[in-house]
Protein chains: 2
Amino acid sequence: MTARTPTDAVRDIPEATVARLPVYLRALTALGDQGITTCSSEALATAAGVNSAKLRKDLSYLGSYGTRGVGYDVDYLRYQIAREIGVTQDWPVVIVGIGNLGHALANFSGFRSRGFRVVALLDADQALHEQQVAGIVVRPFDDLEQIVRENDVAIGVISVPAFAAQDVADRMVAAGISSILNFAPTVLSVPPGVDVRKVDLSIELQILAYHEQRKAHGEPV
Amino acid sequence: MTARTPTDAVRDIPEATVARLPVYLRALTALGDQGITTCSSEALATAAGVNSAKLRKDLSYLGSYGTRGVGYDVDYLRYQIAREIGVTQDWPVVIVGIGNLGHALANFSGFRSRGFRVVALLDADQALHEQQVAGIVVRPFDDLEQIVRENDVAIGVISVPAFAAQDVADRMVAAGISSILNFAPTVLSVPPGVDVRKVDLSIELQILAYHEQRKAHGEPV
DNA sequence: TAGATTGTTAATCGATTAACAATC
DNA sequence: TAGATTGTTAATCGATTAACAATC
């Protein structure tokens with residue numbers, strides 16, 4: 001292992017940019033699927049739903065992967081972004097909580113192509129054990145530690161009811177998971193160094209309702 | 001209807017604050033359920049997972065609903081936030097696409113208590129019609145316009161595959177829906193005045209992967 | 001060379017934070 | 001009154017945007 005010199009220090013990519021890189025990655029994949037091999041920042045920005053100034057600024061944090069006067073090579077830029085995000089190889093993922101939502105997540109077909117691989121489905125409910133969901137056998141929640149160890153799992157998905165989510169998170173952290181995607185409508189507390197992102201239906205709907213309410217009261221749009 | 005004077009002009013609440021109001025609402029509900037009637041900004045901030053300076057700043061956009069030296073009345077603040085968001089009454093919602101995810105959404109029990117009411121489940125697949133999901137009969141997608149008209153629906157949820165999402169969005173907009181929650185992994189284009197929020201599993205996981213990758217390379221946390 | 005488009009700069013805008021005066 | 005806690009100010013930080021020099 002070589003020492004890191006100032007020159008190859010990890011570039012500090014702004015969080016807002018990090019959140020958009022996956023969107024660009026998807027847009028590039030879509031363009032590639034259409035047989036498009038080169039695109040301008042304007043075209044890619046449109047496909048990604050942002051403006052081109054923002055796109056170019058975002059890409060500038062990664063390096064100079066375009067050609068002035070020409071644009072970007074779709075496949076090349078796609079690879080560079082995938083490498084920056086870290087999805088050129090698959091990340092093993094465990095899903096805990098195989099209710100309606102867990103089912104939907106397990107059946108989500110895009111995992112593999114987008115850099116993830118579901119290595120286990122876990123649920124505390126014995127009635128579910130040995131059942132297959134999306135071709136994977138549901139196992140007891142207590143198998144968590146073993147699965148994390150054997151598969152080097154760093155990312156966990158929580159789709160249990162709110163009351164159980166903190167316990168699941170604690171067990172995940174104890175087992176060595178350091179990134180959690182939480183679908184339970186509750187605030188998780190985790191130690192420093194563990195990342196939590198949440199996906200919350202009610203919150204999204206309420207944000208829409210706020211704006212909808214204002215529209216209804218006659219403001220110009 | 002009285003004219004709006006400069007004094008009662010609609011306050012302009014920053015978008016970042018709007019996105020946190022639902023979190024505060026939920027935290028207040030949880031505190032109330034625990035029998036807590038008064039709380040400080042510090043206590044509420046902890047329950048909501050933010051720092052207290054941000055919480056107080058956020059609340060200041062709504063008005064002065066606390067008491068210096070004392071804190072906030074939980075029920076009173078809860079009501080004021082609910083009123084500001086616009087969820088003191090229920091918003092009618094339609095869900096289009098009753099696959100795995102649509103099932104999970106339809107079965108989500110928190111709709112009613114959080115300001116929403118599912119008035120219809122729609123799917124283009126005839127095989128699903130007349131089936132009941134979460135006690136609601138699945139109807140043909142072509143019933144959309146009628147349902148929106150009869151129930152005054154302003155908010156639509158899209159849980160169809162990516163390739164069908166733009167069509168669904170177009171039909172929703174044409175029918176008069178002006179707020180869309182999109183679970184399909186695709187960029188929707190909609191006319192000005194229509195709000196779209198997206199929930200995207202792959203994007204969330206990729207954001208986690210980016211940070212996870214950096215942790216793995218030995219940066220201090 | 002002329003036209004096109006990137007990558008970067010600098011200005012602007014919005015969000016966060018700490019500190020504290022106001023006030024219960 | 002003394003202690004506690006809000007609501008607001010002002011400084012800082014980060015994100016967005018437009019414009020354009022660099023360069024294919």
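Sequence lines set the chain letters: A, B, ... in the order given, protein chains first and strands last, and positions in each chain run from 1.
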Think [X] has a side-chain N or O under 4.0 angstrom from the OP1 or OP2 of [N]?
X     : N      : value
A/S41 : C/dT5  : no
B/Y72 : D/dG7  : yes
A/R56 : D/dT16 : no
B/N51 : C/dT17 : yes

**Study point:** Nucleotide paired to C/dT12 in any strand shown, Watson-Crick or G-U, under 3.5 Å
**Key:**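 In the structure as shown, C/dT12 has D/dA15 as its Watson-Crick or wobble partner.
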Practice item. Scan every strand shown for a Watson-Crick or G-U wobble partner of C/dC24, both distances under 3.5 Å, and answer none if you come up empty. Key: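 Partner of C/dC24: D/dG3.
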Exercise for review: Nearest-nucleotide wise, let me know which of B/V70 and B/A53 is further upstream toward the 5' end of DNA chain D.
Suggested key: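 Of the two residues, B/V70 wins.
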Atom pair distance, as rounded to whole Å: [atom1] in [X] and [atom2] in [N]:
X     : N      : atom1 : atom2 : answer
A/D12 : D/dC13 : CG    : C1'   : 13 Å
A/I13 : D/dA15 : CD1   : P     : 12 Å
A/K57 : C/dT9  : NZ    : C1'   : 8 Å
B/K54 : D/dC13 : NZ    : C1'   : 12 Å
A/Y65 : D/dT23 : OH    : C1'   : 19 Å

Check your understanding: Can you list the steps and then say if B/E204 with A/K198 is a salt bridge (charged side-chain N to carboxylate O under 4.0 Å, His left out)?
Key -> CA-CA 8 Å; B/E204 298 300 328; A/K198 68 164 190 278; over 6 Å; no
Check your understanding: Going by atom types alone, do B/R83 and B/Y79 pair a side-chain donor with an acceptor below 3.5 Å?
Key ->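 B/R83 vs B/Y79: no donor-acceptor pair found between side chains.
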Practice item. Examine the base of C/dT23 for any acceptor or donor lying under 3.5 Å from a partner atom in the side chain of B/R68, and report the outcome as yes or no. Key: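 Side chain to base: no pair below 3.5 Å.
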